[in-house]
S.K.: 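Take a look at this one; I'll ask things after.
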Amino acid sequence: MARASPVHLQSTAAGLRVLCCVCFASAVKNPPPNFLFMLADDWGWGDVGAYGANTNFALSGSRTQTPTLDALVRNGTLFTDFHVAQSFCAPSRTAFMTGRFPADLHVNTNWETGAGGADWNHRHRLPYWLPLPSGEGAAPLPGGLPNVAHLVQSAGYWTAHYGKWHLGGVSPEGEKTPYPSEYGFNHTGTYGSPTHALGPTAVDEDAGNLTSPWWSADAGDYIRDKGIEWMTAATAAGKPFYLHLWWHMSHDTIDPRPEQMEAFPFHKTCLFPATQAGQTVCPSQIFWGAQTYSDTNRFAPVIDAVDRLGIRDNTYIVFSSDNGAQGNKWTNSQPGAFDNAVGTQGPFRGCKASLYDGGHRVPFIVSGPGVPRGRVDHSLLSSVDWLPTIASIVGVTVPKPQSDALRGEDVSDILHGRRSNVVQRTKPLFWRGGGGPAPCWNRSPHLAGRIGDLKLLFNPSDVLPRVELYNISLATFKSNGAFFESQNIQADNPSVVAQLKQMVMDWHNAVGPSYPNRTDFFVQGCESYPFPGM
């Protein structure tokens, strides 16, 4: 492969009539918009049909069937360069809620949500739970921690969260453990939350426990039905709503019923890339089949309800995933797609838990009032942008000094097409906590930072620094066919490396160690990336 070059950082009667009309129109306020945020679990960038078919990135041969999400793209905008702030569960969700990097809040791993989890969480330097807007309790934070639900609720929105929570554990003995509703939700039905200590089921704070475990094929039906019920009630009451439907699919355990698989046209075959790995029984079939069922039987009825209620033109519908697809080493399956993941990462290296793009670059689709239809945009966006962007659209202000700590930006102008393909942000993006499952090319260094098209990864250790700099621009991909994060250019750009490394290290040191007494993490891996077709 060729060596890369260095990178350098009138006052008439008619006019009066028009003016009066304008004044009258401006006095009639549009109703506040609704927000429906559907978050999938462990869906890779290439696991939505619109991201893989007939595009420059169609490398995987994915047979995922997502007609509902593909239709959402036709009615909105598909973003190609959207990133979550961490490549696994709880830290990723923390960023969506707070607009902060999870490491800022010491959320460097997942909470233990069981009854005995308080000690484990404390030993791993986690707060007992995500700090409350009040800042009170066993996880105190001076001035409180604003979150997106609390902010929009204060503006008169009806708010609800159904599905996975994963934003805290239980308090130490004698201390109160907050319910998810205390974060700004009028109603919740959650799993993976402190209420999980009461039993392995989703807990509806008003109606009691579900009869089926949260990982079952039926949990998605509950999330779907409660979401439709909540939207119907809010619309009947004339209230704007902010709704989380945070699904389980397609996190393991994946156990679709046989009848749910029948709609999947490839469920009896073994397709590329599993065939390439010499497999005859394909775990990818289960994954893709489950997604097919999620799309047509979970997502579609929810969006149909928005249409039936007559609120589509005033409702933002957003789809994304909490991280990239899960690596097969964490399942009981044989090697899956690309021999590294059950799902499909598109052209990106890495998977869930890796700081290569395959771990944190995920689908992001937005449809709603003022959002251009059928548009593909390559702006660099992040999950930390969610809170400031929703706050801007709703018209609420994040109080100071908490607003100064936000890592995200208001990108509403990008969502609405007033700006497009914006790669240069006003704030850099940082990640911490690399690694990932085998093979070695999945296992990223411990720290990463990105400015514009340049991404640096390295270990904060002299033992094994592993300094890697990549130009991951779309132009580079198109011009020479270099796959993203496959061509390390750090040797040609020492000044860029030094500058970006210093920024990441300043942040890493400021937020404190990832775990008690551990500051010099290093992750072993390899630069060799045998992507199919290279």
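Values reported hereafter were calculated over all heavy atoms of this structure, with side chains retained and with hydrogens, waters and symmetry mates removed.
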S.K.: Please determine whether side-chain contact (heavy atoms from CB on, under 4.5 Å) holds for the pair Trp386 and Val318, giving the CA-CA distance in whole Å, both sets of side-chain angles, and the decisive distance to 0.1 Å.
M.R.: CA-CA 11 Å; Trp386 180 251; Val318 178; 3.8 Å; yes
S.K.: Identify the heavy atoms of Cys89 and Asp322 that sit nearest to each other, and give their distance.
M.R.: CA-OD2, 3.8 Å
S.K.: Working note: Ile365 + Tyr51, criterion side-chain contact (heavy atoms from CB on, under 4.5 Å); need CA distance, chi angles, decisive distance, verdict.
M.R.: CA-CA 10 Å; Ile365 302 167; Tyr51 278 80; 4.1 Å; yes
S.K.: Keeping the roles fixed (side chain from Tyr316, backbone from Pro369), state whether a donor-acceptor pair exists under 3.5 Å.
M.R.: yes
S.K.: Main chain of Ile311, side chain of Asn314: is a donor-acceptor contact present, judged purely on distance under 3.5 Å?
M.R.: no
S.K.: Using the benzene-type ring in the case of Trp, are the ring centres of Trp247 and Phe299 under 6.0 Å apart?
M.R.: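 When the ring centroids of Trp247 and Phe299 are compared, they turn out to be within the sub-6.0 Å range.
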S.K.: Counting C-beta onward and ignoring hydrogens, is there a side-chain heavy-atom pair between Ile228 and Thr232 closer than 4.5 Å?
M.R.: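 Sidechains of Thr232 and Ile228: in contact.
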S.K.: Classify the ring geometry between Phe37 and His244 as parallel (under 30°), tilted (30 to 60°) or perpendicular (over 60°).
M.R.: perpendicular
S.K.: Roughly how far, to the nearest 0.5 Å, is CG of Leu406 from CZ of Phe101?
M.R.: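 Going from the CZ atom of Phe101 to the CG atom of Leu406 covers 11.0 Å.
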S.K.: Taking Gln291 for its side chain and Thr66 for its backbone only, find out whether a donor-acceptor pair lies under 3.5 Å.
M.R.: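 No, because the side chain of Gln291 does not come within donor-acceptor range (under 3.5 Å) of the backbone of Thr66.
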S.K.: When you measure from the side chain of Ser320 to the backbone N and O of Phe364, does any donor-acceptor pair fall under 3.5 Å?
M.R.: no
S.K.: Report yes or no: does Ser87 contribute a side-chain atom to a donor-acceptor pair with the main-chain N or O of Gly359 at less than 3.5 Å?
M.R.: no
S.K.: Mind listing the closest non-hydrogen atom pair of Ser379 and Asn421 along with its distance?
M.R.: OG-N, 3.1 Å
S.K.: What's the separation between atom OG1 in Thr113 and atom NE2 in His166, rounded to the nearest 0.5 Å?
M.R.: 6.0 Å
S.K.: Can you confirm whether the side chains of Asn108 and Arg432 place a donor and an acceptor under 3.5 Å from each other?
M.R.: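 Yes, because at least one side-chain N or O of Asn108 sits under 3.5 Å from a partner of the opposite role on Arg432.
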S.K.: Do side-chain atoms of Asn110 reach the backbone of Ala90 as a donor and acceptor pair under 3.5 angstrom?
M.R.: yes
S.K.: Taking the side chain from Tyr183 and the backbone from Leu130, do they hold a donor-acceptor pair closer than 3.5 Å?
M.R.: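 Yes; at least one donor-acceptor contact below 3.5 Å.
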S.K.: Of the non-hydrogen atoms in Pro102 and Ala85, which two are nearest, and what is the gap between them?
M.R.: CD-CB, 3.7 Å
S.K.: For the residue pair Val423 and Gly452, what are the closest heavy atoms and their distance?
M.R.: CG1-C, 3.4 Å
S.K.: With a 4.5 Å limit on heavy-atom distance, are the side chains of Val394 and Phe35 in contact?
M.R.: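 Yes, at least one pair of side-chain atoms sits under 4.5 Å.
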S.K.: Among Arg407, Arg425, Lys427, which one satisfies side-chain contact (heavy atoms from CB on, under 4.5 Å) with Asp385?
M.R.: Arg425
S.K.: Look at the rings of His83 and His360 and say which category their plane angle falls in: under 30° parallel, 30 to 60° tilted, over 60° perpendicular.
M.R.: tilted
S.K.: Would you mind reporting whether His378 and Ser473 have side-chain heavy atoms less than 4.5 Å apart?
M.R.: no
S.K.: Any side-chain heavy atom of Met231 sitting closer than 4.5 Å to one from Leu245?
M.R.: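 Met231 does not reach Leu245 side chain to side chain.
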S.K.: Evaluate Phe82 against Leu380 for side-chain contact (heavy atoms from CB on, under 4.5 Å), listing each step before the verdict.
M.R.: CA-CA 6 Å; Phe82 177 85; Leu380 175 57; over 6 Å; no
S.K.: Would you say the side chain of Leu415 lies within less than 4.5 Å of the side chain of Phe79, judging by non-hydrogen atoms?
M.R.: yes
S.K.: Is it the case that the side chain of Ser382 and the backbone of Val384 share a donor-acceptor pair, with hydrogens and angles ignored and the cut-off at 3.5 Å?
M.R.: yes
S.K.: Is the centre of the Tyr162 ring less than 6.0 Å from the centre of the His187 ring?
M.R.: yes
S.K.: Would you mind reporting whether Ser250 and Gln326 have side-chain heavy atoms less than 4.5 Å apart?
M.R.: no
S.K.: Please check if the distance between the ring centroids of Trp45 and Phe348 is under 6.0 Å.
M.R.: yes
S.K.: How long is the straight-line distance from CD of Glu468 back to CG of Leu457, given to the nearest 0.5 Å?
M.R.: 6.0 Å
S.K.: What are the two closest heavy atoms between Leu355 and Ser444, and how far apart are they?
M.R.: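 Answer, listing the atom of Leu355 first, then Ser444: N-OG, 2.8 Å.
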S.K.: To the nearest 0.5 Å, tell me how far Tyr191 OH sits from His248 NE2.
M.R.: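 Rounded to the nearest 0.5 Å, the OH-NE2 separation comes out at 6.0 Å.
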S.K.: Keeping to residues at least two apart or across chains, list the salt bridge (Lys or Arg N to Asp or Glu O under 4.0 Å) pairs with something in residues 71-84.
M.R.: Asp81-Arg361, Asp81-Arg450
S.K.: Run Arg93 and Asp41 through salt bridge (Lys or Arg N to Asp or Glu O under 4.0 Å) and show every step you take.
M.R.: CA-CA 11 Å; Arg93 294 160 194 272; Asp41 203 332; 3.5 Å; yes
S.K.: Listing request: all salt bridge (Lys or Arg N to Asp or Glu O under 4.0 Å) pairs with a residue in residues 306-320, at least two apart in sequence or in separate chains.
M.R.: Asp307-Arg312
S.K.: Looking only at atom types and distance, does a side-chain atom of Ser383 sit under 3.5 Å from a main-chain N or O of Val84, one as donor and one as acceptor?
M.R.: no
S.K.: Kindly indicate whether the side chain of Thr296, heavy atoms from C-beta on, has any atom under 4.5 Å from the side chain of Pro67.
M.R.: yes
S.K.: So which atom in Asp357 and which in Glu485 form the shortest heavy-atom distance, rounded to 0.1 Å?
M.R.: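 Asp357 and Glu485 have their closest heavy atoms at N-OE1, 2.7 Å.
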S.K.: Does the side chain of Val362 come within less than 4.5 Å of Trp43's, by heavy atoms?
M.R.: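 SC-SC contact between Trp43 and Val362 ruled out.
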S.K.: Could you tell me whether Trp441 and Tyr356 have their ring centroids closer than 6.0 angstrom?
M.R.: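 Centroid separation for Trp441 and Tyr356: 6.0 Å or greater.
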S.K.: If you look only at pairs with a residue in residues 406-450, which of them pass as a disulfide (SG to SG under 2.5 Å), with sequence neighbours excluded?
M.R.: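 Found Cys440-Cys526.
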S.K.: At what distance, to the nearest 0.5 angstrom, does OG1 of Thr315 lie from CG of Leu243?
M.R.: 10.5 Å
S.K.: Give a yes or no on whether the backbone of Tyr222 and the side-chain of Asp225 come within a donor-acceptor separation of less than 3.5 Å.
M.R.: no
S.K.: So which of Thr159, Leu387, Ile390 actually passes side-chain contact (heavy atoms from CB on, under 4.5 Å) with Leu151?
M.R.: Leu387
S.K.: Could you point out which residue of Ile223, Asp221, Thr68 forms a side-chain contact (heavy atoms from CB on, under 4.5 Å) with Arg298?
M.R.: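 Only match with Arg298 under side-chain contact (heavy atoms from CB on, under 4.5 Å): Asp221.
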S.K.: With rounding to the nearest 0.5 angstrom, report the CG to NZ distance, Asp42 to Lys352.
M.R.: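 It is 3.5 Å, given to the nearest 0.5 Å.
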S.K.: Parallel, tilted or perpendicular for Trp246 and His161, by the 30°/60° rule?
M.R.: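 Answer is perpendicular, since the angle exceeds 60°.
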S.K.: What verdict does the side-chain contact (heavy atoms from CB on, under 4.5 Å) test give for Arg373 and Val371, after you've listed the backbone C-alpha separation in whole Å, the side-chain angles of each residue and the deciding distance to 0.1 Å?
M.R.: CA-CA 6 Å; Arg373 296 186 175 190; Val371 177; over 6 Å; no
S.K.: Are Glu409 and Thr426 linked by a side-chain donor-acceptor pair shorter than 3.5 Å?
M.R.: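 A donor-acceptor contact under 3.5 Å links the two side chains.
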